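Contents: one structure, followed by commentary.
Just so you know, these numbers come straight off a predicted model, no measurement behind them.
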Amino acid sequence: MNNKNIDRFPFVGETFLVDSIGRVRVTTLLNAMFSAANRHAEVRGFGATSSLGWVIARMAVHIERIPIQREFLHIETWIRNLYHGFTDRCVRLVDEAGNELASMITTFAMIDLKSRSAVDLNGDIGVAMNGCLVPDEPLALRRIPSINRTPVEDVTFRRRPHYSDIDINGHMNSIRYIDHIFDAMPIDYIKSHDLTDIVVAYMQEGAATEELSYGIKQLGENHYIVQVTKENGNPSSRFEMKFAPRENSR
């Protein structure tokens with residue numbers, strides 16, 4: 001990696017970041033990848049401000065291997081493209097030998113935090129972003145795949161957001177949904193399986209006081225769909241998740 005528009009940040013699997021079997025928690029890893037992307041944007045003049053914020057619309061993650069305790073790694077991030085008011089950002093996790101352990105593509109829109117309306121990215125922000133595009137950098141994920149649309153009728157559990165769920169915009173944090181889903185699944189299954197792929201469509205933000213309904217439906221072996229619904233019946237977000245048995249658990 002020698003492109004000036006790609007930033008590289010160190011990441012260590014500290015003891016307090018891992019789960020009971022020594023894996024870095026997936027949501028901790030995703031938060032670190034988002035943090036790297038935020039820092040990349042800020043130093044280039046298109047980070048969030050007191051009046052403008054980035055809102056995630058879609059996300060895809062592929063995990064080749066979940067890092068373990070005390071492993072030294074790097075997070076690399078760049079912007080792939082800019083289109084119709086949206087931007088696609090790429091993030092990857094690599095080990096010290098340069099092997100890609102995880103890759104992520106996210107689609108974001110910038111909004112005015114007061115009016116909640118989209119910001120035209122053809123202005124100064126778009127100009128700054130256009131000067132930073134890296135369209136051809138290889139990544140295991142080539143694109144964000146279409147999410148499975150199988151209906152999910154049943155509700156597995158309901159949860160009203162708590163203090164730890166709410167972000168600076170006063171809404172449900174986009175990564176905390178995944179924590180809730182993991183908490184609802186049998187712990188023996190989570191300990192014996194690794195998440196390999198996740199695709200997310202974020203549709204409507206969950207308010208701080210609004211109870212959310214989660215419906216989890218198994219589509220096949222180690223393949224799940226999760227539909228999150230707001231109190232008014234509108235969809236909030238939808239997740240497609242795939243797992244694989246851990247090698248030492250087979």
Closest approach of [X] to [Y] (non-hydrogen atoms, all atoms of both residues):
X	Y	answer
His74	Pro10	CD2-CA, 3.8 Å
Thr77	Cys90	OG1-O, 3.1 Å
Ala36	Ile75	CB-CG2, 3.6 Å
Gln227	Ser237	NE2-O, 3.5 Å
Asp188	Ser192	O-OG, 2.8 Å
Pro67	Glu71	CA-OE1, 3.4 Å

side-chain hydrogen bond (donor to acceptor under 3.5 Å, both in side chains) partners of [X], counting only residues at least two apart:
X	result
Asn222	Tyr189, His193
Arg39	none
Thr27	Asp179
Tyr214	His180

[X] side-chain N/O to [Y] backbone N/O, donor-acceptor pair under 3.5 Å:
X	Y	result
Arg238	Ala201	no
Asn130	Gly126	yes
Lys230	Glu205	yes
Thr87	Asn81	yes
Ser35	Asn31	no
Glu100	Ala140	yes
Thr156	Ile216	yes

Interatomic distance, [X] atom [atom1] to [Y] atom [atom2] [nearest 0.5 angstrom]:
X	Y	atom1	atom2	answer
Arg92	Leu73	CZ	CG	13.5 Å
Arg80	Leu82	CZ	CG	14.0 Å
Arg58	Phe108	CZ	CZ	13.5 Å
Ile6	Cys132	CD1	SG	11.5 Å
Asn5	Asn3	CG	CG	5.0 Å
Ile178	Leu195	CD1	CG	8.0 Å

NZ/NE/NH1/NH2 to OD/OE distance under 4.0 Å, [X] and [Y]:
X	Y	answer
Asp154	Lys217	no
Arg149	Glu240	no
Asp167	Arg176	no
Asp7	Arg44	yes
Arg25	Asp19	no

Q. Does Phe34 reach the side chain of Ile56, with side-chain heavy atoms less than 4.5 Å apart?
A.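 Contact flag for Phe34/Ile56 side chains = yes.
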Q.
Would you say that Ile144 contacts Thr107 through its side chain, given a criterion of any heavy-atom pair below 4.5 Å between the two side chains?
A.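 Yes - at least one pair of side-chain heavy atoms lies under 4.5 Å apart.
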Q) In this structure, which one of Met172, Glu231, Arg160 forms a side-chain contact (heavy atoms from CB on, under 4.5 Å) with Leu212? A)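 Testing each of Met172, Glu231, Arg160 against Leu212, the sole residue satisfying side-chain contact (heavy atoms from CB on, under 4.5 Å) is Met172.
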Q. So with a 6.0 Å cut-off around CD of Gln218, is the heavy-atom count from everything else above 12?
A.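 More than 12 within 6.0 Å, yes.
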(Q) Just checking His84: does its NE2 atom have more than 12 heavy atoms from other residues, nucleotides or ligands closer to it than 6.0 angstrom? (A)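 Count not over threshold, so no.
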Q | Parallel, tilted or perpendicular: rings of Tyr202 and Phe239 (30°, 60°) | A |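 Rings of Phe239 and Tyr202: perpendicular, over 60°.
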Q: Go through the structure and list residues passing salt bridge (Lys or Arg N to Asp or Glu O under 4.0 Å) with Asp183, not counting sequence neighbours.
A: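 So Asp183 forms no salt bridge (Lys or Arg N to Asp or Glu O under 4.0 Å) with any residue.
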Q. Which other residues end up in the same hydrophobic cluster as Val55, if Ile, Leu, Val, Met, Phe, Trp and Tyr are linked when side-chain heavy atoms come under 4.5 Å apart?
A.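 ILVMFWY cluster around Val55 also holds Ile111, Leu113.
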Does the side chain of [X] pick up a donor-acceptor pair with the side chain of [Y] at under 3.5 Å?
X	Y	answer
Ser117	Asp112	no
Asp88	Tyr83	yes
Ser236	Gln204	no

**Q.** Derivation of the side chain to side chain contact (heavy atoms under 4.5 Å, CB included) call for Ile166 and Asn173
**A.** CA-CA 5 Å; Ile166 304 304; Asn173 179 274; over 6 Å; no
(Q) Pair Ile79, Val134 - check side chain to side chain contact (heavy atoms under 4.5 Å, CB included), show working. (A) CA-CA 6 Å; Ile79 298 172; Val134 187; over 6 Å; no
